[in-house]
Undergrad: 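Handing you a structure now.
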Amino acid sequence: MAQKPAIPKGTRDFLPSEVAKRNYLFETIKSVFRRYGYAPIETPSFELSTTLMGKYGDEGDRLIFRILNSGEKMRKADLDALASDNLPRFANSLAEKALRYDLTVPFARFVVQHQNELTFPFKRYQIQPVWRADRPQHGRYQEFTQCDVDVVGSESLLYEVELIQIFDEVLSKLGLPGFSILINNRKILSGIAEVSNQASRIVEFTVAIDKLDKIGEEGVVKELTEKGFGVEAIEKIRPLFAFQGSNSDKMELMRTYLAQSEIGQQGLDELQEVLDHIAELGLSKGELIFDLTLARGLNYYTGAIFEVKAHDVKMGSICGGGRYDDLTALFGLKGLSGVGISFGADRIYDVMTELNLFPSTLDKTLDILFINFGDTEARYSLQLLKEVRQIGLAAEIYPSVAKLQKQLKYANDRNVPYVVMIGAEEAASGMLGFKDMVSGQQAQISRADFLTKCAQLS
RNA sequence: GAGGUUGUAGCUCAGUUGGUUAGAGCGUCGGAUUGUGGUUCCGAAGGUCGCGGGUUCGAGACCCGUCUUCCUCCCCA
């Protein structure tokens, strides 16, 4: 019985034209990564559940795809846990492997595991798919590709600067007309929590303040109240709702506000240093903005936090990243600070499609098509075809003796710029018909002239 | 995980309060035109109406379930 073809929700097939665009995207990204001295690594698409679980907070755990144990391993199911309603534990006993959720945590595992084989600071890039059991939406998939660059083994803020330059260079190179590179620092957020006496509830606080531009001041107050923040605490953070203006205006406000917080001042110092460097070096199309409401949920960032948003499109963040001081400590290696960023290739692809930024030349996968007029005539074409390929052009001969109309239509559909016709007449005379499919013009030229032309095209 | 929404030809979509044989455009294929494509004209093929159950004399349409799509939350690339 024929089965209706389908793929799981949140996943996609890629047609040749789409792969061409994706490769162009990846190649552009890679070329920049390499130029800044990063080398590629790869890690398995699935890890041990224990490697991933608990690293992304409760929300994150929910979104991790688990791989059901197979065969005899199914007997490991912890039925006691099920009976006592301990579903997380029961789930863990059913699945000892899980699809990776991002590239950062596996990277931390990789660094600890191979620490003796690496030179620090270790700079790597990694372009691989990740999976999230999220509900699909615009720009949101269950399988998508992340392009990460990270450096571990240095606390130098020069890397923050470098990564901002990479954001700017990649996205400018891809032709995005404008985008905002949002930056914040976890220490500033900690300082706010400290000043408002809510040090232990920083996550709830940051989640609420992250919505400032969405639900407004009243909404944030309401949400904080609902979460049990007292009137006093809310009054203490109210000055932050006026946070606006230039980066230096914002810095000034925060210097005053966080005057009593040591950690807050430290965060401001760090941010200031990065801002100064970038101001001096300049950016191409990007705009670096100090954004206090940027409080990404990932609970492993300890210093800088980044996020990038493209202008003029309705799309969430297209890039993210930040500094994490303790990530490798989770796998037993302390005192190793890391900082990294991630490009959301699929979202960038969607943005570029929407803004029509892909070069039209990407469609072309064939330079020359030889028309097939018959078995005898094709012999002449085959010899020439071989030489054309050696020159470096993509070329092929139509596989059967179909009507010329059909062969030309095929050339048309394939976006082939040139067609060569060698029929009985041409085979005898040593000439060939060379047709420009764009202009429609055709000329009889010698084989030598043809090969010269091919050499120019390659 | 919560709420809403969608599904009819390869694609985009019509389809009246439930009523005969479910339509159009685009695309595909064939022909006009045996060595000249994109334009034009003529013709043809192509549908378990997402899937399963129910109501009814009768369901593409109504009800229930399920999957899928898109959207708002949550969260994130």
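Labels below follow one simple rule: chain letters A, B, ... track the order of the sequence lines, proteins then strands, and each chain is numbered from 1.
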Undergrad: Please find out if less than 6.0 Å separates the ring center of A/Y101 from that of A/F65.
TA: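 No: the rings miss the under 6.0 Å criterion.
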Undergrad: Contact class for A/G10 vs. all strands (heavy atom < 4.0 Å): base, sugar-phosphate, or nothing?
TA: sugar-phosphate
Undergrad: Could you pull out all residues at least two apart from A/F144 that satisfy ring-ring contact (aromatic ring centres under 6.0 Å, His included)?
TA: none
Undergrad: Indicate whether the side chain of A/D325 and that of A/T302 have a donor and an acceptor atom separated by less than 3.5 Å.
TA: yes
Undergrad: Report, as yes or no, whether the 6.0 Å neighbourhood of atom CD on A/E354 holds more than 12 heavy atoms from other residues, nucleotides or ligands.
TA: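 Above 12, so yes.
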Undergrad: What's the shortest heavy-atom distance between A/Y24 and A/T28, and which atoms?
TA: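 Result for this residue pair: O-OG1, 2.7 Å.
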Undergrad: Using the P atom in both, what is the distance from B/rU48 to B/rA2, to the nearest Å?
TA: 34 Å
Undergrad: List RNA chain B stems (3 or more consecutive Watson-Crick/G-U pairs, under 3.5 Å)?
TA: B:1-4 with B:70-73, B:10-13 with B:23-26, B:28-32 with B:40-44, B:50-54 with B:62-66
Undergrad: For RNA chain B, which residues in residues 36-52 of chain A have a heavy atom at a distance below 4.0 Å?
TA: none
Undergrad: For a quick check under 3.5 Å, do A/R414 and A/Y410 share a side-chain donor-acceptor pair by atom type?
TA: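 Yes, a side-chain donor-acceptor pair sits under 3.5 Å.
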Undergrad: Report yes or no: do A/R66 and A/N92 form a side-chain donor-acceptor pair below 3.5 Å?
TA: yes
Undergrad: Just the rounded figure in Å: distance from C1' of B/rC76 to CG of A/D58.
TA: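 Taking atom C1' of B/rC76 as the reference, CG of A/D58 is at 16 Å.
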Undergrad: Mind checking the C1' distance from B/rG43 to B/rU33? Whole angstroms is fine.
TA: 16 Å
Undergrad: What's the separation between atom CG in A/L292 and atom CG in A/L189, rounded to the nearest 0.5 Å?
TA: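 Rounded to the nearest 0.5 Å, the CG-CG separation comes to 6.0 Å.
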Undergrad: Measure NZ/A/K55 against P/B/rC76 and give the value in whole Å, please.
TA: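 In whole Å, B/rC76 P and A/K55 NZ are 17 Å from each other.
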Undergrad: If you measure from OH on A/Y141 to CG on A/D134, what distance do you get to the nearest 0.5 Å?
TA: 13.0 Å
Undergrad: For A/S400 and A/N372, work out which heavy atoms get closest and say how close.
TA: O-CB, 3.5 Å
Undergrad: Which whole number of Å gives the distance between the P atom of B/rC13 and that of B/rU8?
TA: 9 Å
Undergrad: Can you tell me the distance, in whole Å, between the CZ atom of A/R62 and the C1' atom of B/rC76?
TA: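 Taking CZ of A/R62 and C1' of B/rC76, I get 11 Å after rounding.
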Undergrad: Sequence neighbours excluded, which residues qualify as salt bridge (Lys or Arg N to Asp or Glu O under 4.0 Å) partners of A/K30?
TA: A/E27
Undergrad: When you measure from the centre of the six-membered ring of A/F107, is the NZ or CZ of A/R124 closer than 6.0 Å and no more than 45° off the axis?
TA: yes
Undergrad: Quick check on the 6.0 Å ring-centre criterion: do A/F370 and A/Y398 meet it?
TA: no
Undergrad: In whole angstroms, how far is the P atom of B/rC76 from the CD1 atom of A/I305?
TA: 11 Å
Undergrad: From CZ of A/R100 over to P of B/rC76, roughly how many Å is that when rounded to an integer?
TA: 20 Å
Undergrad: Could you identify which residues of residues 124-150 of chain A place a heavy atom less than 4.0 Å from some atom of RNA chain B, listed by residue number, or say none?
TA: A/R132, A/D134, A/R135, A/Q137, A/H138, A/G139, A/R140, A/Y141, A/F144, A/Q146
Undergrad: Given A/V149, which of A/V32, A/I341, A/V339 fulfils the side chain to side chain contact (heavy atoms under 4.5 Å, CB included) condition?
TA: A/I341
Undergrad: Considering only atom P, compute the distance from B/rG10 to B/rU28 and round it to an integer number of Å.
TA: 15 Å
Undergrad: Quick one: what's the B/S/- string for nucleotides 35-46 of chain B, heavy-atom cutoff under 4.0 Å, read 5' to 3'?
TA: BBBB--------
Undergrad: Given atom CD of A/E307 and atom P of B/rC75, what is their separation to the nearest angstrom?
TA: 13 Å
Undergrad: Establish, with yes or no, whether the OP1 or OP2 oxygen of B/rG50 is under 4.0 angstrom from a side-chain nitrogen or oxygen of A/K9.
TA: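 For A/K9, the contact criterion (side-chain N or O under 4.0 Å from OP1 or OP2 of B/rG50) is not met.
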